[in-house]
Each structure stands twice: as C-alpha cells, then as structure tokens.
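Here is the structure we will look at, set down as structure tokens.
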Amino acid sequence: MTNVMTKNPLRVSNDNKTWPYLSLPVSQLDDVRRLLDRDGIRYTVSPNFLSFDDEPPVTIIRFGRDSDGVAIQAILDHAE
C-alpha cells in the first residue's frame, strides 16, 4: 500500500527499539484498519492526529509487543 502523501510504500517500523508501529495519513486509516482487522492483527490507533507545515494530518498505529512487524508489512505490501 502506498502512502498517499509521500507516494512511497507504507512502512512498519521494526527497529527492535520499540514495538512495531506505522505512521500514516489519517485519510488512509480506514483502509489500513480494514486490512488489519481482516487478518486479526491487534493494534491501537493514537487519538492524536498531527499536521506539520500545512500537510494533511497523520496518525500512528501501534502494534503489540508480540506482533510480527514483518508479517504486518507483508499484508500492507500485498494490498492494492
């Protein structure tokens, strides 16, 4: 799945310093949530939306400590 703001793929952070998370435009939140829900992925969405330099707002989806960031990334990579 492509980030509508950057035109780059959405990327799950999996740096082993934090639990996996995904930063994305709020406009894509519903689509990403449908994918995650379909595959039974547990997550929480930040209640705060941030906007910098008049850009559209972004939010963060956080995945649990035991989440497989690589598997979540594969779900996003195979989405239209």
Side-chain angles (χ1 to χ4, degrees):
M1 182 175 277
T2 301
N3 182 314
V4 296
M5 289 173 49
T6 66
K7 307 301 184 213
N8 293 320
L10 288 173
R11 290 284 171 225
V12 174
S13 171
N14 201 25
D15 60 13
N16 294 327
K17 294 178 185 170
T18 61
W19 296 352
Y21 68 91
L22 172 65
S23 177
L24 71 157
V26 172
S27 64
Q28 291 184 275
L29 183 57
D30 289 341
D31 291 337
V32 170
R33 289 181 75 169
R34 273 192 286 279
L35 288 173
L36 299 173
D37 291 345
R38 180 194 70 199
D39 285 289
I41 305 295
R42 293 185 349 204
Y43 61 90
T44 59
V45 177
S46 173
N48 302 315
F49 299 158
L50 304 172
S51 179
F52 299 101
D53 298 325
D54 294 324
E55 292 287 330
V58 296
T59 191
I60 296 175
I61 296 177
R62 290 181 176 83
F63 303 101
R65 178 186 336 200
D66 60 341
S67 296
D68 183 348
V70 174
I72 296 167
Q73 184 65 57
I75 292 168
L76 295 172
D77 289 346
H78 291 98
E80 293 181 13

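Along the sequence shown, residues are numbered consecutively beginning with 1.
- Each of V58 and Y43 belongs to its own hydrophobic cluster when Ile, Leu, Val, Met, Phe, Trp and Tyr are linked at side-chain heavy-atom distances under 4.5 angstrom.
- Under the 4.5 Å side-chain heavy-atom criterion for Ile, Leu, Val, Met, Phe, Trp and Tyr, F52 and F49 are members of distinct hydrophobic clusters.
- Residues I72 and L22 fail the side-chain proximity criterion, which asks for heavy atoms closer than 4.5 Å.
- L24 and I60 end up in different hydrophobic clusters when Ile, Leu, Val, Met, Phe, Trp and Tyr side chains are linked at under 4.5 Å.
- The minimum heavy-atom distance linking S23 with L10 is given by the pair O-CD2, 4.1 Å.
- One N or O on the side chain of Q28 and one on the backbone of T2 form a donor-acceptor pair closer than 3.5 Å.
- Between P20 and S67, the shortest heavy-atom distance links the atoms CG-O, 3.9 Å.
- Residues satisfying the side chain to side chain contact (heavy atoms under 4.5 Å, CB included) criterion with T44, sequence neighbours excluded, are R62.
- Here D37 does not pair with R34 in a salt bridge; the nearest charged N to carboxylate O distance is not below 4.0 Å.
- The environment of F63 atom CZ is dense: over 12 non-hydrogen atoms of other residues, nucleotides or ligands sit within 6.0 angstrom.
- Between S46 and T59 the shortest heavy-atom distance is O-OG1, 3.3 Å.
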Would I41 and L35 count as a side-chain contact (heavy atoms from CB on, under 4.5 Å) here? Give the steps. CA-CA 9 Å; I41 305 295; L35 288 173; over 6 Å; no

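- Side-chain contact between L29 and I61 is present, with heavy atoms from C-beta onward closer than 4.5 Å.
- Side chains of R11 and D77 form a contact here, defined as non-hydrogen atoms less than 4.5 Å apart.
- Formation of a donor-acceptor pair under 3.5 Å by the Q73 side chain with backbone atoms of D68 is not found in this model.
- Taking the side chain as every heavy atom from C-beta outward, V26 and P56 never approach each other to under 4.5 Å.
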